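Note that the coordinates shown come from a computational prediction; the quantities given were computed from them, not determined experimentally.
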Amino acid sequence: MKRYLFLITSILLAGVAAAQRDTTRRDTSWGTSPHGPYLRAVLNADVLEGRAIPVTITPTGQKLCFDKKIKVKMITRRGPGEICVFINTKSGLIGYNSFKPGSTGVCDIKPDLPDFVFGVIGLKGNVFNYRNTKKKNTIEHWVQTSNSVEYQYQFSAATTNVLLHKKTERRDYCDGKIKAQLYKADGSSQQWFLFGKEFPEALMMEPKKYLGNFAVGYQQSDKGLFIIMQMIGGSMDSKILEIEDVEICFDPAPFKIFEDERRTKMTASIAREREKIARDEAKPEKYAACNSKKTTIISFKKEALNRQEENLNRSEQGNMMQSVPTQQAQADLMNYDDMIQISIYETELKLCRAEQRQAENPSESTQKNIECLNRQLAAQHNVKARYQTLNTSLRNQPGQLFAEKAKLFMQALVGCD
């Protein structure tokens with residue numbers, strides 16, 4: 001009996017040992033790689049794997065620190081270049097320098113440089129863009145929040161709702177320390193080279209579980225944590241060159257919030273313009289025949305100022321990067337439709353006054369001024385008609401709509417005075 005118990009116990013212990021060996025073998029695709037300690041260190045993102053939760057950050061209220069530094073090489077239509085991404089794997093922060101074709105990635109954060117540009121993304125949805133501008137002999141520090149303190153950015157995965165299938169190709173990265181497996185979705189030309197503990201036959205990336213930028217970085221999936229080492233697709237090839245542990249922080253305290261400054265300046269500008277309109281309204285019109293045109297332009301300017309004030313309020317009610325109504329309100333802070341209509345009314349008033357002067361005291365110079373004003377008025381009406389067409393064709397692209405209107409507006413600026 002004791003002999004049987006001994007045999008059973010031996011078999012059980014052997015089974016446990018075998019299971020432990022098998023678990024160890026299956027726990028990682030690296031096997032006994034000499035780079036094991038490095039690989040275990042880099043393939044670690046507490047905030048994605050559930051061991052930590054993302055933090056909420058403010059634009060200037062705390063130091064922003066990172067524990068991973070990633071150098072990325074990008075090939076785009078604009079040309080190749082290197083860029084650096086900084087990651088806090090515990091609090092869920094991503095920092096990144098701006099991409100410049102031909103640049104060599106200098107992985108540092110230097111807010112005192114005149115051309116400093118640095119973006120910070122938090123997984124909670126805070127997205128801040130820091131930028132320096134030179135003004136005379138000083139450097140001004142600005143941060144644009146895109147309203148993401150109150151209206152958080154809504155993240156997705158690097159690619160969502162698509163099953164990625166393992167292919168046969170593998171590539172080496174980080175001087176051969178990392179071997180990544182090619183994955184592709186059916187019917188897609190995009191290639192994803194992924195590094196993880198295992199390489200399953202298929203996987204699905206989880207939404208809101210991406211910690212990176214430029215299509216590379218940490219991504220949680222239904223099969224565990226992976227690092228996207230390279231993404232090739234469309235007009236972009238983005239590839240990780242280096243990953244290393246760091247302790248680097250950025251202090252945003254000196255930066256002024258762009259949206260706060262904009263509100264202060266625009267509120268003061270609107271108040272000044274209302275005072276000017278009141279003065280113009282109180283001033284008697286020299287030519288009685290032009291009274292109605294003066295009344296029309298004053299009334300329209302008041303309405304336009306009210307719209308500008310409303311747009312200022314609406315531009316702060318939604319995430320600037322994702323809300324089309326918010327983007328439209330932002331674009332309409334300089335409302336080219338109102339501006340061209342004001343220009344038309346002003347030209348009509350000038351034309352009325354010139355015609356009255358010509359009737360009272362004919363002169364060649366006044367007649368030339370009338371002819372010029374008529375040409376100007378025709379150009380302004382043409383721009384207004386083209387605006388109406390653009391408002392339909394580009395209604396969901398406020399940025400492009402604004403740019404096209406700005407170019408057209410210059411055509412209406414024909415000086416006649």
### Message
When you compare the side chain of Asp108 with that of Ile248, does any pair of heavy atoms fall below 4.5 Å?
### Response
yes
#### Entry: Side-chain donor-acceptor pair present, Gln341, Lys384, cut-off under 3.5 Å
yes
### Query
Does any non-hydrogen side-chain atom of Thr60 lie less than 4.5 Å from one of Phe128?
no
#### Entry: More than 12 heavy atoms from other groups under 6.0 Å of CE on Met334
no
### Query
Please walk me through it: do Lys407 and Glu404 pass salt bridge (charged side-chain N to carboxylate O under 4.0 Å, His left out)?
CA-CA 5 Å; Lys407 288 190 291 186; Glu404 292 296 326; 3.4 Å; yes
### Message
Looking only at the side chains, is there a donor atom on one of Gln330 and Arg262 sitting less than 3.5 Å from an acceptor on the other?
### Response
yes
### Query
Without hydrogens or angle criteria, can the side chains of Gln328 and Asp332 be said to hold a donor-acceptor pair below 3.5 Å?
yes
### Task
Consider only side-chain N and O atoms of Trp142 and Gln144, and report whether a donor and an acceptor are under 3.5 Å apart.
no
### Query
Which word best sums up how the rings of Phe66 and Phe118 line up, parallel for under 30°, tilted for 30 to 60°, or perpendicular for over 60°?
perpendicular
### Message
For Ile257 versus Pro59, what's the shortest heavy-atom pair and its separation?
### Response
CD1-CG, 4.1 Å
#### Entry: Residues forming a side-chain hydrogen bond (donor to acceptor under 3.5 Å, both in side chains) with Asn391, sequence neighbours excluded
Asp337, Lys405
Show me, pair by pair, the donor-acceptor contacts under 3.5 angstrom made by side chains of residues 49-58, not counting sequence neighbours?
residue	atom	partner	partner atom	Å
Glu49	OE1	Ala45	N	3.0
Glu49	OE1	Arg51	NH2	2.8
Arg51	NE	Asp46	OD1	2.9
Arg51	NH2	Asn44	OD1	2.8
Arg51	NH2	Asp46	OD1	2.7
Thr58	OG1	Gly61	N	3.1
Thr58	OG1	Gln62	OE1	3.1

### Message
Is it the case that the side chain of Glu285 and the backbone of Lys294 share a donor-acceptor pair, with hydrogens and angles ignored and the cut-off at 3.5 Å?
### Response
no
### Task
Carefully, step by step, assess Arg171 and Glu169 under the rule salt bridge (charged side-chain N to carboxylate O under 4.0 Å, His left out).
CA-CA 7 Å; Arg171 290 186 183 180; Glu169 184 180 355; 2.8 Å; yes
### Gln308 and Asn335 side chains, donor-acceptor separation under 3.5 Å
no
### Thr366-Asn369 side chain donor-acceptor pair, cut-off 3.5 Å
no
### Message
Using side-chain heavy atoms (C-beta onward) and a distance below 4.5 Å, is Asp338 in contact with Phe300?
### Response
yes
### Task
Please determine which of Lys68, Arg40, Lys69 meets the salt bridge (charged side-chain N to carboxylate O under 4.0 Å, His left out) test together with Asp245.
Lys68
### Arg274/Glu309 under salt bridge (charged side-chain N to carboxylate O under 4.0 Å, His left out): CA gap, chis, key distance, verdict
CA-CA 12 Å; Arg274 283 188 172 132; Glu309 197 168 46; 3.2 Å; yes
#### Entry: Sub-4.5 Å side-chain heavy-atom contact between Tyr96 and Ile121
yes
### Query
Aromatic ring centroids of Phe250 and Phe116 under 6.0 Å?
yes
### Message
Around atom NZ of Lys166, are there more than 12 heavy atoms from other residues, nucleotides or ligands closer than 6.0 Å?
### Response
yes
### Message
Contact between Asn147 and Glu259 at the side-chain level, heavy atoms closer than 4.5 Å - yes or no?
### Response
yes
### Those residues that, when tested against Cys174, pass disulfide (SG to SG under 2.5 Å) (two or more places apart)
none
